[in-house]
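What you see below is based on every heavy atom in this structure, not just the backbone, and it leaves out hydrogens, waters and symmetry mates.
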Amino acid sequence: EIRGQETAVYAPREGSYAAYCLAHAGAVQPLTTLSFGADAASSGGGAQVQTTAAAGREDVLNWTNGEGYVEFRIAVGQSGVYRLGLEYYPVEGNGTDLEFELYIDGEAPFSGCEKIVFPRLYINETNDFERDNRGNELRPAQLAQPDWISYPVRDYQGTVLEPYQFFFEAGEHAVRFVNLRDPIVIAALRVYNEEPAPSYETYLETNPGKDLDGDTVVIDAEKPLVKTSNMLYPIADRADPATNPSDPNKIRLNTIGGANWSIPSQEITWGFTVPESGYYKLGFRYKQNFLRGFFTTREIRIDGERLYDGVQDVRFSYGVSWEFLALGGKEPDRIYLRAGYHTVTMIPTLSVMADPLGEVEDCVYYLNELYRQIIMVTGTSPDIYRDYYLQESIPELLPTLEQISERLKAVTGTLSALTGTKGSEAAMIERIYEQLDSFIRRPDTLPERLENFHMNISSLAAWMLQIQAQQLQLDELYVTPYAA
């Protein structure tokens, strides 16, 4: 579900993804997967692209200079909304994500298409951490791990939870990727929709098993199989001697994440093996002391799949110390695993925070627009002894202030309902809408308080960025036989 598509009271901003979805509300989502390879592609704008064998595959697009564009001619048999994804191989570059602009039939469908991000894969150079001459462990280098990746076109900031959906009329279309900097090898463009994840009850019915007994598989979080950011390196934590490993005097690299693990493109994957087929439970030792009064959220995938509805919204509550969370809560969920090797992936997501943050983003946009209109009348340093008659010069002044005040009040109520408390962050939003209410009562006081008004807009934008950062620190993951 797209933010605001069903519940918004106010019209979304023109050109936004929410406005795009509203324009195509009710369009069907055909369950299909179409793949378009090198034979459906052309290039231009100075792009150096060859159809050749590369990275272990035949007939792929080897885009060597990271300039210009590649355009796929696609055909869909049914009008509706579809997701897009690339199957690609990141060539060694500057260590940053691959970035593109996206155009469909010559136009950017909405504002988010000016920056589409595709991540790289990284590994620790070694998981046997070296030590200096004082016995302190040294951070291993983060090495690019070239491999084929299948990744959707999505909002890199995470304010849209699911991959973007694009409307196509039945027939042929042109999908163009404009490269912003790096070489890449592309095998195919995917045009697809997926079956939604089943309910937990349906998942259990289709995956019958038995509650197992036995030993817990402990996974050291700082030693992942792979991750999609070179900022996700092992870090040291001395706050609790139970953190593994620990030393009272020496630096031990015993955790991962923290302030560096915050956006949806930063996935971490661990590998593990279970000896017997059956039901297991999944647990995490974590610390989330970053967002006071809020939870941060992760999507959990097993073997690359969202097993059932709910695993896309696993919440890690705020606390100053290390805590334990079982997937499913006090009565942990049963995860069916066949004997053998598996992977578990954790992906930052805004989840239910996406809607209120989207509202705040719109409010910041409209407040900035209003501020610019005001200073066109008053200048940046208004004369406090002059009456500018702002409500006459700017007829939309009072209606805009009223609407934004109501939206911020609704956001405060939503946040209080989600967190179960009225924290300092909600209090900050309260101060802003109280100021707006005072402007509504006395618009003549706005010029003399203009600087404070501008500072509050900046504070609101900063608050939004702070909450978007879904930070989390992990010590260990536990895969435990369910009856153990």
Within a strict 4.5 Å, meaning less than it, do heavy atoms of the E476 and W322 side chains meet?
no

Give the C-alpha distance, both sets of side-chain angles, the deciding distance and a yes or no for side chain to side chain contact (heavy atoms under 4.5 Å, CB included) between F284 and I300.
CA-CA 11 Å; F284 312 90; I300 310 297; 3.9 Å; yes

Any side-chain heavy-atom pair of T445 and S438 under 4.5 Å
no

Between the side chain of E67 and the main-chain N/O of T64, is any donor-acceptor distance below 3.5 Å?
no

Applying side chain to side chain donor-acceptor pair (under 3.5 Å), name anything that partners R301, two or more places apart in sequence or on another chain.
E299

Test side chain to side chain contact (heavy atoms under 4.5 Å, CB included) on W270 and M346; report intermediate values, then the result.
CA-CA 9 Å; W270 297 266; M346 297 182 68; 3.7 Å; yes

Quick one: does Q288's side chain have a donor or acceptor within less than 3.5 Å of a partner on F294's backbone?
yes

Checking D155 side chain against V160 main chain: does a donor-acceptor pair fall under 3.5 Å?
yes

Is the backbone N or O of I235 less than 3.5 Å from a side-chain atom of T255, with the two atoms forming a donor-acceptor pair by type?
yes

Less than 3.5 Å apart, any donor N or O on the side chain of R181 or T96 sitting next to an acceptor on the other?
yes

4.5 Å side-chain heavy-atom contact, P443 and L390
no

Looking only at heavy atoms, the pair that brings E222 and N124 closest together is O-ND2, 3.2 Å

Any chance CD of E396 has more than 12 other-residue heavy atoms, nucleotides or ligands included, within less than 6.0 Å?
yes

Start with the C-alpha distance between Y156 and D97, add both sets of side-chain angles, then the distance that settles side chain to side chain donor-acceptor pair (under 3.5 Å), and finish with yes or no.
CA-CA 11 Å; Y156 75 98; D97 291 336; over 6 Å; no

For the pair F100 and F118, evaluate ring pair (Phe, Tyr, Trp, His ring centres under 6.0 Å) and give the outcome as yes or no after the intermediate values.
CA-CA 8 Å; F100 295 84; F118 294 97; 5.8 Å; yes

Do N254 side-chain atoms and S246 backbone N/O form a donor-acceptor pair below 3.5 Å?
no

Stepwise, does the side chain to side chain contact (heavy atoms under 4.5 Å, CB included) test hold for N456 with R431?
CA-CA 9 Å; N456 277 342; R431 288 195 297 272; over 6 Å; no

Any side-chain heavy atom of T419 within less than 4.5 Å of one from Y318?
no

Please evaluate residues F166 and L102 with respect to the criterion side chain to side chain contact (heavy atoms under 4.5 Å, CB included), reporting the C-alpha separation (whole Å), side-chain torsions for both, the decisive distance (0.1 Å), and the verdict.
CA-CA 11 Å; F166 299 88; L102 176 65; 3.5 Å; yes

For the pair F453 and F439, name the ring-plane relationship: parallel under 30°, tilted 30 to 60°, perpendicular over 60°.
perpendicular

Would you call R372 and E369 a salt bridge, using N to O less than 4.0 angstrom?
yes

Full working for side chain to side chain donor-acceptor pair (under 3.5 Å) between E267 and T228
CA-CA 5 Å; E267 303 180 8; T228 60; 5.4 Å; no

Hey, are the side chains of R83 and R154 touching, using non-hydrogen atoms and a 4.5 Å cut-off?
no

Do side-chain atoms of D182 reach the backbone of L98 as a donor and acceptor pair under 3.5 angstrom?
no

is_close_aromatic(Y164, Y20), centroid dist under 6.0 Å:
no

Measure the shortest side-chain to side-chain distance between T297 and M353 over non-hydrogen atoms and say whether it is less than 4.5 angstrom.
no

With side chains defined as the heavy atoms from C-beta onward, is the minimum distance between W261 and K227 less than 4.5 Å?
no

Return yes when atom CD of E451 has more than 12 non-hydrogen atoms of other residues, nucleotides or ligands closer than 6.0 Å, and no otherwise.
no

Find out whether V76 and Y82 are in side-chain contact, i.e. whether some heavy atom of one side chain is under 4.5 Å from a heavy atom of the other.
yes

Walk me through it: do Y286 and F316 pass the test ring pair (Phe, Tyr, Trp, His ring centres under 6.0 Å)?
CA-CA 8 Å; Y286 77 95; F316 296 83; 5.0 Å; yes

Matching residue for T243 among K287, R238, R285 - test: side-chain hydrogen bond (donor to acceptor under 3.5 Å, both in side chains)
R285

Could you go through the side chain to side chain donor-acceptor pair (under 3.5 Å) check for E87 and S150 one step at a time?
CA-CA 4 Å; E87 191 171 355; S150 183; 5.5 Å; no

Report the C-alpha distance between Y103 and E101 in whole Å, list the side-chain angles of each, state the deciding distance to 0.1 Å, and finish with yes or no for side chain to side chain donor-acceptor pair (under 3.5 Å).
CA-CA 7 Å; Y103 299 89; E101 296 173 355; 2.9 Å; yes

